[in-house]
Amino acid sequence: MKRGIFFWALVVFFIVGCAVAPPAIEKKDVAAPAVKPGEEAPAAPPRLFEERDLLLEGVARLNLPERPDPEKARSIFLSLIQRYPQSRWRSAAEAFIRLIDERNAFREMSRQDRLLVDKTKTERSRALQENDHLKKAVRELTEKLQSETAALAQENEQLKRDIQRLKALEIELQKRERMLR
């Protein structure tokens, strides 16, 4: 929020610093020409400061305290450029449009960065869960392997003892056969 306020304050400071003081206008008391019956009144002269008013209205839209409206301000600046292509305020309006566009681009990049960070956090969390699951599976398999290895070692020892007894019985059997003959 502070960046936004600083940004717009910097922009306003830049515009105010670059602005040229408007020429002093002397008000003349000019009597309205008399309109003869059957004639139309002459068209009212265009506002002398309409260009500047458009620029100030756009800046005011950017500086609304409750909620700035950069899109409306951008459209006002565009209308100033289109309606008054030779205006001395054209460069300021173009600068505001560029700043608004850059701000929008920055917000979009920030949004995409947040999405990437969220996606990365989600993937990291999923990877950690998968890693924990795999560690648990490895631990269970290791315990199973150790218990099966111990059981096989016992069975192997039993088989060795059985083989020894069989050999001893075979030897005894051979002795008896010799004695019987």
Side-chain angles (χ1 to χ4, degrees), residues 1-18 54-82 89-181:
M1 183 67 183
K2 288 184 179 183
R3 285 186 189 168
I5 293 171
F6 177 74
F7 172 75
W8 291 114
L10 185 62
V11 169
V12 170
F13 179 74
F14 173 74
I15 297 302
V16 169
C18 294
L54 282 172
L55 181 74
L56 292 176
E57 183 181 348
V59 171
R61 293 282 181 174
L62 294 175
N63 288 325
L64 291 174
E66 64 276 354
R67 187 156 192 256
D69 190 1
E71 295 309 315
K72 180 69 175 168
R74 187 179 193 284
S75 67
I76 291 170
F77 295 136
L78 278 174
S79 78
L80 180 130
I81 291 171
Q82 291 169 351
W89 303 111
R90 179 185 177 96
S91 61
E94 288 172 342
F96 274 119
I97 290 171
R98 277 193 309 274
L99 289 171
I100 291 169
D101 291 344
E102 287 178 9
R103 176 183 166 265
N104 290 341
F106 176 75
R107 281 192 170 180
E108 179 61 24
M109 286 191 311
S110 295
R111 186 184 68 79
Q112 289 176 355
D113 286 348
R114 283 192 302 273
L115 289 174
L116 286 174
V117 166
D118 291 344
K119 182 179 178 184
T120 304
K121 285 181 180 178
T122 303
E123 288 177 0
R124 183 174 186 267
S125 174
R126 190 169 7 115
L128 288 173
Q129 287 176 349
E130 184 179 346
N131 190 23
D132 290 341
H133 178 71
L134 290 174
K135 282 181 181 179
K136 183 178 178 183
V138 166
R139 199 175 313 117
E140 289 172 357
L141 289 173
T142 302
E143 290 171 0
K144 184 177 178 182
L145 177 66
Q146 287 174 348
S147 65
E148 287 179 0
T149 302
L152 288 174
Q154 286 177 352
E155 188 178 332
N156 194 14
E157 288 299 319
Q158 183 63 36
L159 287 173
K160 283 180 184 178
R161 284 189 297 251
D162 289 347
I163 289 173
Q164 290 294 333
R165 277 193 302 190
L166 282 173
K167 284 182 182 178
L169 286 173
E170 192 175 318
I171 291 172
E172 193 175 315
L173 186 61
Q174 285 176 355
K175 284 182 186 178
R176 282 187 186 174
E177 280 182 6
R178 281 186 205 150
M179 284 175 44
L180 288 176
R181 289 191 197 170

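Quick note: numbers below take in every heavy atom, side chains included, and nothing from hydrogens, waters or symmetry partners.
Contacts of Ser75 classified as side-chain contact (heavy atoms from CB on, under 4.5 Å), with partners at least two apart in sequence or in another chain: Lys72. Among residues two or more places apart in sequence or in another chain, the side-chain hydrogen bond (donor to acceptor under 3.5 Å, both in side chains) test is passed with Arg90 by Glu94. In terms of the side-chain contact (heavy atoms from CB on, under 4.5 Å) criterion, residue partners of Leu78 (sequence neighbours excluded) are, by chain and number, Arg74, Ile97. Every side-chain hydrogen bond (donor to acceptor under 3.5 Å, both in side chains) that Glu71 has, sequence neighbours left out, goes to Asn104.
In this structure, CD1 on Ile171 lies 11.0 Å from CG on Leu166, to the nearest 0.5 angstrom. Atom-to-atom distance recorded for Leu56:CG and Trp89:CH2 is 7.0 Å, nearest 0.5 angstrom.
Counting heavy atoms from C-beta outward, Phe77 and Leu62 have side chains that approach closer than 4.5 Å.
Scanning both residues, Gly58 and Ala73, for their nearest heavy atoms gives O-CB, 3.3 Å. Nearest heavy-atom pair across Ala93 and Leu55 is N-CD1, 4.1 Å.
For residues 155-180, the set of pairs meeting the side chain to side chain donor-acceptor pair (under 3.5 Å) definition, not counting sequence neighbours, comprises Gln158-Arg161, Gln158-Asp162, Asp162-Arg165, Glu172-Arg176. A salt bridge (Lys or Arg N to Asp or Glu O under 4.0 Å) check over residues 109-127, counting only residues at least two apart or in different chains, returns the pairs Glu108-Arg111.
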